[in-house]
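We name chains A, B, ... by the order of the sequence lines, and we start the count at 1 in each one.
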There are 2 protein chains.
Amino acid sequence: MTDTAPSAEPRSGPYICGIDAAMDVVSGKWKSLILWELDAGTRRFGELRRGLPGVSEKMLIQHLRELEYDGLVHREVYREVPPRVEYSLTELGRELNAALEPLAEWGRRRIDRIGAERVELPATG
Amino acid sequence: MTDTAPSAEPRSGPYICGIDAAMDVVSGKWKSLILWELDAGTRRFGELRRGLPGVSEKMLIQHLRELEYDGLVHREVYREVPPRVEYSLTELGRELNAALEPLAEWGRRRIDRIGAERVELPATG
DNA sequence: CGGAATCCACGCCGATACTG
DNA sequence: CAGTATCGGCGTGGATTCCG
């Protein structure tokens with residue numbers, strides 16, 4: 001709790017408008033990507049980790065916790081050996097993802113416009 | 001140029017998907033708000049500054065430059081005394097703003113859902 | 001008016017090591 | 001497997017000062 005204090009803080013400061021209320025929630029290097037992954041279906045921690053090449057455990061769990069705190073992601077723990085934890089989108093999360101879709105489309109067209117600095121990546125999709 | 005190196009770097013690294021290509025462009029504390037302000041019409045530097053309560057000149061100019069570099073904002077200089085500079089959206093910027101609208105709507109409903117930590121602000125709109 | 005330059009604090013994020 | 005703890009770099013953003 002000394003570093004990067006992830007959990008249980010009432011964020012959602014005084015928002016100027018809807019945009020920053022939404023940006024607040026998706027800001028973070030991997031958050032929108034996590035949402036995107038989860039939109040395809042329920043995922044275990046390790047699956048998410050493998051699906052997001054380059055993410056560290058710390059950032060993944062931190063972003064997951066914040067997403068959970070913000071009511072976008074549901075965390076289900078199965079007390080087994082070995083332990084299993086499954087993450088899925090809540091209804092609010094699915095709504096956010098839907099709202100993100102036009103932005104994603106804009107981004108795709110923008111990449112096309114700039115013209116391919118992009119390299120081939122495993123999870124390009 | 002020693003600090004916070006704002007301008008003229010070919011960002012747009014290898015994007016995983018459209019979402020982070022878009023997020024890359026709007027990430028920054030004030031960027032989406034600047035876009036939002038400019039969507040209402042052409043603005044001078046000082047007008048933007050007053051319209052974004054809390055922003056510093058440094059961050060405003062820095063974000064403006066990045067937005068300009070990314071082709072979202074047009075900067076028009078009028079060599080007069082006193083000097084005048086006007087900022088406006090490009091076509092790409094207007095398209096981005098349109099793509100941002102569903103997200104803004106989601107945000108507004110989210111604010112409503114959380115239930116009003118928000119305080120009254122001048123530019124609330 | 002519209003910046004540029006500098007200093008500095010804080011928080012994001014990565015790497016590594018350890019635990020149940 | 002699914003985290004937790006800690007350290008540290010570095011980028012982001014704030015405050016202040018100066019310039020054309």
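Atom CD of A:Glu86 and atom C1' of D:dC1 are 13 Å apart (whole Å). Atom pair A:Glu57:CD and D:dT4:P shows a separation of 12 Å (rounding to whole Å applied). Distance, A:Arg50 CZ to D:dC1 P: 7 Å, rounded to whole Å. Rounded to whole Å, the distance from CG on B:Leu52 to P on D:dG13 is 13 Å. Atom CG of B:Leu60 is separated from atom P of D:dG13 by 13 Å (rounded to the nearest Å). For A:Gln62 and D:dT4, the CD to P distance is 11 Å, given to the nearest whole Å. As rounded to whole Å, 18 Å separates atom P of C:dC12 from atom CG of B:Asp24. Spacing between atom CD1 of B:Ile61 and atom P of C:dA5 amounts to 12 Å, rounded to whole angstrom units.
The residue among A:Pro83 and A:Gly28 whose nearest nucleotide of DNA chain C is located toward the 5' end is A:Gly28. Of the two residues contacting DNA chain C, namely A:Lys29 and B:Phe45, the nearest-nucleotide position lying further toward the 5' end is that of B:Phe45.
Listed by chain and residue number, A:Glu91 satisfy the salt bridge (charged side-chain N to carboxylate O under 4.0 Å, His left out) test with A:Arg94 (two or more places apart in sequence, or in another chain). A:Glu86 meets the salt bridge (charged side-chain N to carboxylate O under 4.0 Å, His left out) test with A:Arg84; sequence neighbours excluded.
Contact record, A:Leu92 with A:Gly71: CB-O, 3.6 Å, taken as the closest heavy-atom pair. Among all heavy-atom pairs drawn from B:Gly107 and A:Ala21, the shortest one is O-CB, 3.9 Å.
Residue A:Arg49 places none of its side-chain N or O atoms closer than 4.0 Å to OP1 or OP2 of D:dG3. OP1 or OP2 of C:dG2 lies within a sub-4.0 Å distance of a side-chain N or O belonging to B:Arg44. Here A:Arg65 reaches the OP1 or OP2 of D:dT4: one of its side-chain N or O atoms lies under 4.0 Å away. Remark: B:His63 is not in phosphate contact with D:dT12, judged by side-chain N or O atoms under 4.0 Å from OP1 or OP2. Under 4.0 angstrom from either OP1 or OP2 of C:dG2 there lies no side-chain N or O belonging to B:Arg43.
Tested against B:Ile34 for a side chain to side chain contact (heavy atoms under 4.5 Å, CB included), the candidates B:Leu89, B:Leu60, B:Leu72, B:Val55 yield a single pass: B:Leu60.
Using a 4.0 Å heavy-atom distance criterion, A:Arg79 is classed as making no nucleic acid contact. Residue-level contact check: B:Tyr78 touches neither bases nor backbone, having no heavy atom under 4.0 Å from any strand.
Distance from the side chain of A:Met59 is smallest to C:dC13 among D:dG3, C:dG3, C:dC13.
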